[in-house]
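So that the names make sense, note that chain A is the first sequence line, chain B the second, and so on, each numbered from 1.
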Amino acid sequence: MAPEGERATEAAAERSSGKPETTASERVHAGRAMRENDVVLLEMNDGERATFATLRAGKVIDLGKRARAPAEAFLGAPFGSMYEARHNTGEVERIGATTEVINEETDDEEAFAAPLADERSNKNVPNTEHGAQTLTDSEIAALKREFTGEEMVEIIAAYSKTFEEKTAFAQEKYKARKLKKHMTKILARFPSPRVVCEQYFYENPSKTSYMRFDSLSMLMNMANVGAHGQTLVLETCGGLVLGSIMHRMGGFGRICNGFVGTNPTGMEVVQNMNFDPTHYDSVRHASLSGLIEARQKGAVEADTTRAKSMETTEPSTAEKKERVYMKMKFANDGDMSDFTQHGFSSLVIASLSVEPKAVLEQLLPLCASSASFAVWFNASQPLAEAYYYLRNSNLAVNLSLVEPFLRSQQVLPGRTHPVMTTDAGSGGFILSGTYVGGVNTNTPIEANKKPKREENS
Amino acid sequence: MAPEGERATEAAAERSSGKPETTASERVHAGRAMRENDVVLLEMNDGERATFATLRAGKVIDLGKRARAPAEAFLGAPFGSMYEARHNTGEVERIGATTEVINEETDDEEAFAAPLADERSNKNVPNTEHGAQTLTDSEIAALKREFTGEEMVEIIAAYSKTFEEKTAFAQEKYKARKLKKHMTKILARFPSPRVVCEQYFYENPSKTSYMRFDSLSMLMNMANVGAHGQTLVLETCGGLVLGSIMHRMGGFGRICNGFVGTNPTGMEVVQNMNFDPTHYDSVRHASLSGLIEARQKGAVEADTTRAKSMETTEPSTAEKKERVYMKMKFANDGDMSDFTQHGFSSLVIASLSVEPKAVLEQLLPLCASSASFAVWFNASQPLAEAYYYLRNSNLAVNLSLVEPFLRSQQVLPGRTHPVMTTDAGSGGFILSGTYVGGVNTNTPIEANKKPKREENS
Amino acid sequence: MSHVRGTMLYASPAPETDRERLIRENDLVVVVEGFNAAVAQRIRIGETFVSRHGRFPHAALVGVAFGTKIRASDGRGFVHVCAPTPELWTKVLAHRTQILYAPDIALVSAEMELRPGSTVLESGTGSGSLTHALARCVAPTGKVWTFEFNETRVKAAEEEFRANGIDEVTTVTHRDIERDGFPEELASTADAVFLDLPGPQKCVASVARSLRPNGVLCTFSPCIEQVHKTIVEMKKHGFADIKTVELLGRHYDVEGRCLQTDLSAPLSKETKGGWRKDQKRPRDGATEDSASTLTETVVAHPQQRLQSHTAYLTFARLIPAPENWTETLAERAKTSESGNEEVLKRAAEFLAKRRGTKKRYRPQSDAPKQPSKHVISNPDDYSD
Amino acid sequence: MSHVRGTMLYASPAPETDRERLIRENDLVVVVEGFNAAVAQRIRIGETFVSRHGRFPHAALVGVAFGTKIRASDGRGFVHVCAPTPELWTKVLAHRTQILYAPDIALVSAEMELRPGSTVLESGTGSGSLTHALARCVAPTGKVWTFEFNETRVKAAEEEFRANGIDEVTTVTHRDIERDGFPEELASTADAVFLDLPGPQKCVASVARSLRPNGVLCTFSPCIEQVHKTIVEMKKHGFADIKTVELLGRHYDVEGRCLQTDLSAPLSKETKGGWRKDQKRPRDGATEDSASTLTETVVAHPQQRLQSHTAYLTFARLIPAPENWTETLAERAKTSESGNEEVLKRAAEFLAKRRGTKKRYRPQSDAPKQPSKHVISNPDDYSD
């Protein structure tokens, strides 16, 4: 682990130089060029589908629905670039922001009436579009080989029996739908924690335990995760929470990835976040029971700690493989003693497998006095029990149990309303607070009748 | 209790007559004239404050903030009428719908920018209004004795140092605020369950256990409360839930107000709802343990039932007083036997004092096969435990645990958004389902291995 | 009145003794196949209900009590046969349009203050989801007049209402309410009106004619712009007490869950793989032989798939105007226009006299106004 | 880097051994007086903090560990002295304006993808509630440039930022961003921009100039009409990936509760009077000597008093345009206008040829169009 002082000096040097913030920003900003071995999230047609891709020269990336693109189409362009994949030629062309210019000033009767009828399943007239196309499927397929996506849309509209009867609004909508079918728009996203979290949440949520992005953001803030902190994390969200902490701390400070049992759980998600070695170097895996034992024994009896930490550094082959790939080390004796001596400034817990109350009871004593902690769960009750315990045992203040209620809004002329259905109906619940059980001394004005020590062990 | 058949005949007669629905509607509609002894909810200035008043000739009603009105001002006018109380003269004058005609077409910059600054606490300029008035308080008081509310507003604006510097929008708002101060607008509401529920919820919520109106409405619907039903209710919401059931059943069918222990809890809220004797006559108070016992003993052994029901008909003096006032009787032997023989078609539970699981376990067997039930609680966990029990013991199907999430919306030109803060942050949770444990016979294709009986007792 | 069979109008108790309500031919039955899966069946001897759970001949259901658990004739699985209610009907009905769901239906019914004897108008009928609940509210002496623009849907609704027995209090009519308004015969008869139309603002005037004094108008509009237009019309036509709300029904999943408390033991199968769906908990708190470090607990969490918006519900009341109100209003408007200066003059005189009397002098209101100390450099944007 | 005292920029561990962080003079301390009641105190020897809990001389706090429970010098009550964090600061700061609260702050910080080294622009500074959290995100190598229109607030913020130690990475400037835009010196330097202004649409062009490629713009607007105007501008200025959300923090109360299970016993004091607030439950599950029919349980229920709306948060990304994109766009527009007929002609030829080849004849596209079978009587209202 790089000594704290070194990075601090570097930071100070940057601050004192001519345009320090630009330099530092340049190094981390999400609009930098895509480079060999970078992971990029390719998002098709505004979220219709998406795929993580590692950019390697010569590689052809499968975009789904028979679309493909060579890695070279992306390498060298800034993250955040947008592309069009043309189905007729197989070309991938870089474009700018959306070309559709909607006349937002139109606020006439049509814009009000039409979308209403439209959105509420054509409540007023049966859907006549079906079967209104005079071109056969095979003709359309043949035309696609000759014409571009935009051209196809014009052709298909011209051969529709009902197109001309539609209102201008409905024609617009019809064309947009057809365009989507014949041309793929690609957004090359930098895999920030926000982007990675949303991608898993909507596509593979069990991998990240249904962690929603707003909840993840609250975990970071409520636990006061930031540079130069010493953060203990217990998560079974595939590494998403760990990655988010790494991103927030930027290699400044130390992260202890505490695990239940003898081996860390899978942390594959971290690999998708384009972290540099500095970030990986700030993380140590450590067995939670080892940490607890080391803390109880104290620094003077380091022997047992060593034995324990040695034990936990013998992972299975599969585990080893992952560990090597992720460039994260297991805590050694020095790390363990550092962790337990200084205590953690932040504690983050995000797991549906462990009981929040029991875990807090065991892990809070590893924290520094006045440390911030935040616990996520997808139901309120286990957190309520923990809350009740912490309040009644005077282990924490500033306790708060919050359910983040997030809603997306459609904002369109005459058609503004919250989105109708969502797969993000719950972001879970977050218990947070300030640990006040970690004080050893009885000051002259200390109020407690019995020493704090007793309560915390 | 009036025999079912009698009312049914009456209803049938109404249906076959010339304009039957008008007649029936006439009798119950909420816009009928206010009569002697009616309860009316007088709501001042769009909900600024409100008071229940019983209209008795010669009575002077206190409207709060030193405003008063004679009952005669209301008697004879339709419920729903609107009034202005003028502070300078003490007059109460009946008016029509709001006189303020807002120019809703105005959608200019001002309407956008001004309210924003305004709503977000004058974020851009310090509040200069304070101290800008050149009239002294005593002068204003003297003027009020000479001028009407509208006139006062004009005078006060003219003597404000800052009024002319305000935008037209801010001037409008300033005047509206001043008008509120010098004139009271009164809405004479019919005390429907909706109106009564909201009044208690915002003014005296502990009386009705924080029952929110949308939750109350869901209790009625999910428990399938309607005419000709036989409804069992256990509530400690001051009579609000019972009253809502009486309103829904309109005197058709029977209601059993089941109570815990030996006496009904307070049901005063029912008195505010202007029910006629037919409504009161459809209700019987009964001890829940008495009902359970009667059900277990069966109709053949009615003796014990009688003893029990006799016992519960000896209320304390205070209880007696209330009972008499409310014109509701205790169940006699015949009622008890009717209730237990036919079973209840609907079960409604709304109490923060009893455990939902235990109560459902004991009361569901009193229901008819395929009866609907709905239980309200202000936290999800006790209902979740009940849900889990009912599902695993196969006592109910169509189980649903719902949290109604209600939000009010401000709709104004350029200033549309959900209301910023609310005192209605929770409506509680509702568990509902269909009781399927009440079937006695093993039909040829009946699937259960052991008789249902055993499970329900 | 005896038990009304095969209709869902009345939540009657069991007419037979011992709490059983028996299924007869032509009854409507809601067959519950499992969690959140149900279908409607009209009992016809000779017909058979076939599902993934097996075959269920209708004949075998006759004489069985509503609520019974029925095993398939081919022994494969079982279903529950439930009595229909408006809420169950909403779950099983044929969708001819988007429909209203239970929370909105409940709120609408109650905010419109419906009770036996009420008259309510509805447009459009749509799939009849709301209509059934309205009929239950106003039965047996009230009336639901429901109007639908689409003739095919009118026919389908008519048939359904008859079969379900709500035709006793419900009449469905083919009519374009936005264009033609409600029928004049219904003027001043309605206690409440419900509008679910693309342009509700077009018929507010007609609604005002149809309502009794203090009647309630409720509109159901998905988009906020529509709400705005409708409220403008409401204010023009004598409505007040206007409020707009939205109601989400947040459904919760309930599950038994094993949580680990010992941090030294590896995460077990029970705790690692997420939720143990539908696993039954032993009755009476008897614990399984699982490791002692597992705490079993029941949890409720909101479902991820959520109807996150249905529509904005706007409620307004028709305020009964006093006699000659129109004239009074006009007079008031005149006074406020011309009377302003006159009032200020009178006030100035009154004040001058009073100030003289009290021997206290204050700056006159006509003294030159001082500029505000807080100069705003960009007054267009930053007005208070 | 050693522990940074008296600032809330770094969540440092305890530099002393045994997990204690000690309070020194000039440190900022958040004094927690009870549930949801806290105040900020700057430690100055000689000063005394006085509250309803008693008197707390600052001198007595020096050398005490953050997190300690302190009894008042007059023995009346106690408080906890906590280390400041941006979240605690949001609870105790002086309100000069409406402020952002924890949930919005968390979402904004994270959606803007802030990390150590990022550059972020903010307008307006307001009470500095968000600024502190932004500073924590970008420290130690990043930068927060925050702009405020009101000079008094600029001065107050400047002083606060210095005292709280976030001035290391934060600069507050007096500037009217709506009128003047962001400074040209900051062009293409920002990773993210946050706007909380009455007219954010007025400065979208300036934001586009200030952002790096793929930078994020976030606007905070209470009213939906404002959001609409801003999105129109965003689309004009090269932004895409636009989304609007709102986030409510629903706070829950947690209480121990006695629930009665026996229906024959009268409701007891414990169950009748609502919640038993803050009553402690005996540890280790030892039950009280209450009647056996009382079940004690911990429940969480949403608080009734709720911030039910703060603002709509709109996020958008500046899409890095390829070289010559403006020219390409213009060309495309030209093609789509003139090229339409040409394309259709080519398509007709292609189809004719193909149909000839395949010997299949189909109705020509130029055949007279048949009227739709579904005649719409009021096409203005009922278009599909």
Side-chain angles (χ1 to χ4, degrees), chain A residues 107 109 111-117 119-126 205-206 209-210 234 236 258 260-263 265 287-289 292 351-359 362-363 377-382 385 403 407-408 413-426 428-429, chain C residues 95-99 124 126 149-150 152-153 178 196-199 201 221-227 229 246 248 250-255 257-268 270-275 293-295 297-312:
Chain A
D107 189 272
E109 277 303 294
F112 278 99
L116 277 168
E119 282 180 0
R120 308 203 60 230
S121 289
N122 282 308
K123 66 181 286 199
N124 294 300
V125 285
S206 65
S209 291
Y210 281 86
L234 159 52
T236 56
V260 177
T262 49
N263 287 307
T265 52
S287 129
L288 290 169
S289 51
I292 292 164
S351 170
L352 299 180
S353 304
V354 294
E355 195 194 60
K357 172 177 165 293
V359 171
Q362 294 171 78
L363 299 188
F377 203 83
N378 75 347
S380 61
Q381 191 63 15
E385 304 264 356
E403 180 185 21
R407 202 147 62 139
S408 298
R415 287 167 290 151
T416 301
H417 58 72
V419 295
M420 292 284 180
T421 56
T422 181
D423 281 321
S426 174
F429 301 78
Chain C
H95 284 224
R96 295 184 289 268
T97 54
Q98 283 270 15
I99 65 165
F149 167 82
N150 179 297
T152 319
R153 291 205 284 263
E178 279 191 14
D196 174 9
L197 296 168
Q201 77 276 9
S221 296
C223 303
I224 196 68
E225 292 88 350
Q226 194 57 65
V227 174
K229 293 198 165 192
E246 53 166 342
L248 299 183
R250 299 187 79 204
H251 288 261
Y252 280 66
D253 282 330
V254 176
E255 284 159 8
R257 176 85 183 129
C258 281
L259 294 177
Q260 187 164 326
T261 56
D262 181 359
L263 297 177
S264 63
L267 291 175
S268 62
E270 280 78 19
T271 55
K272 211 173 182 178
W275 302 99
T293 64
L294 291 186
T295 307
T297 185
V298 173
V299 295
H301 54 93
Q303 290 174 5
Q304 287 297 354
R305 183 129 196 99
L306 176 74
Q307 180 90 21
S308 52
H309 179 66
T310 54
Y312 295 103

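Residue Ser206(A): no heavy atom, backbone or side chain, is found under 4.5 Å from chain C. Using a 4.5 Å cut-off between heavy atoms, Gln303(C) contacts chain A through its backbone alone, with no side-chain atom that close. Looking at Pro205(A), neither its backbone nor its side chain comes within 4.5 Å of chain C, counting heavy atoms on both sides.
Between His417(A) and Cys223(C), the shortest heavy-atom distance links the atoms CD2-SG, 3.5 Å. Summarising the geometry of Leu259(C) relative to Leu352(A), their closest heavy-atom pair is CD2-O, 3.3 Å, with the distance given to 0.1 Å. Heavy atoms only, all atoms of each residue included: Glu403(A) and Pro302(C) are closest at OE2-CG, 3.8 Å. Between Ser308(C) and Val419(A) the shortest heavy-atom distance is OG-O, 2.6 Å.
Contact of the Arg407(A) side chain with the Leu248(C) side chain is registered, since non-hydrogen atoms from C-beta on lie closer than 4.5 Å. Residues Glu246(C) and Pro418(A) meet the side-chain proximity criterion, which asks for heavy atoms closer than 4.5 Å.
Checked by atom type and distance alone, the side chain of Arg415(A) never pairs as donor or acceptor with a backbone atom of Pro222(C) at under 3.5 Å. Gln381(A) contributes no side-chain N or O that, together with a main-chain N or O of Ala300(C), makes up a donor-acceptor pair within less than 3.5 Å. Not one N or O on the side chain of Thr261(C) forms a donor-acceptor pair closer than 3.5 Å with the backbone of Glu355(A). No side-chain donor-acceptor contact under 3.5 Å links Gln307(C) to the backbone of Thr421(A).
Residue His251(C) holds its NE2 atom at 14.0 Å from OG of Ser426(A), rounded to the nearest 0.5 Å. Taken to the nearest 0.5 Å, the OG1 atom of Thr265(A) stands 7.0 Å off from the CG atom of Leu267(C). Between the OG1 atom of Thr236(A) and the CD atom of Gln260(C) there is a distance of 10.5 Å, given to the nearest 0.5 Å. Tyr210(A) OH to His301(C) NE2: the interatomic distance, rounded to the nearest 0.5 Å, is 9.0 Å.
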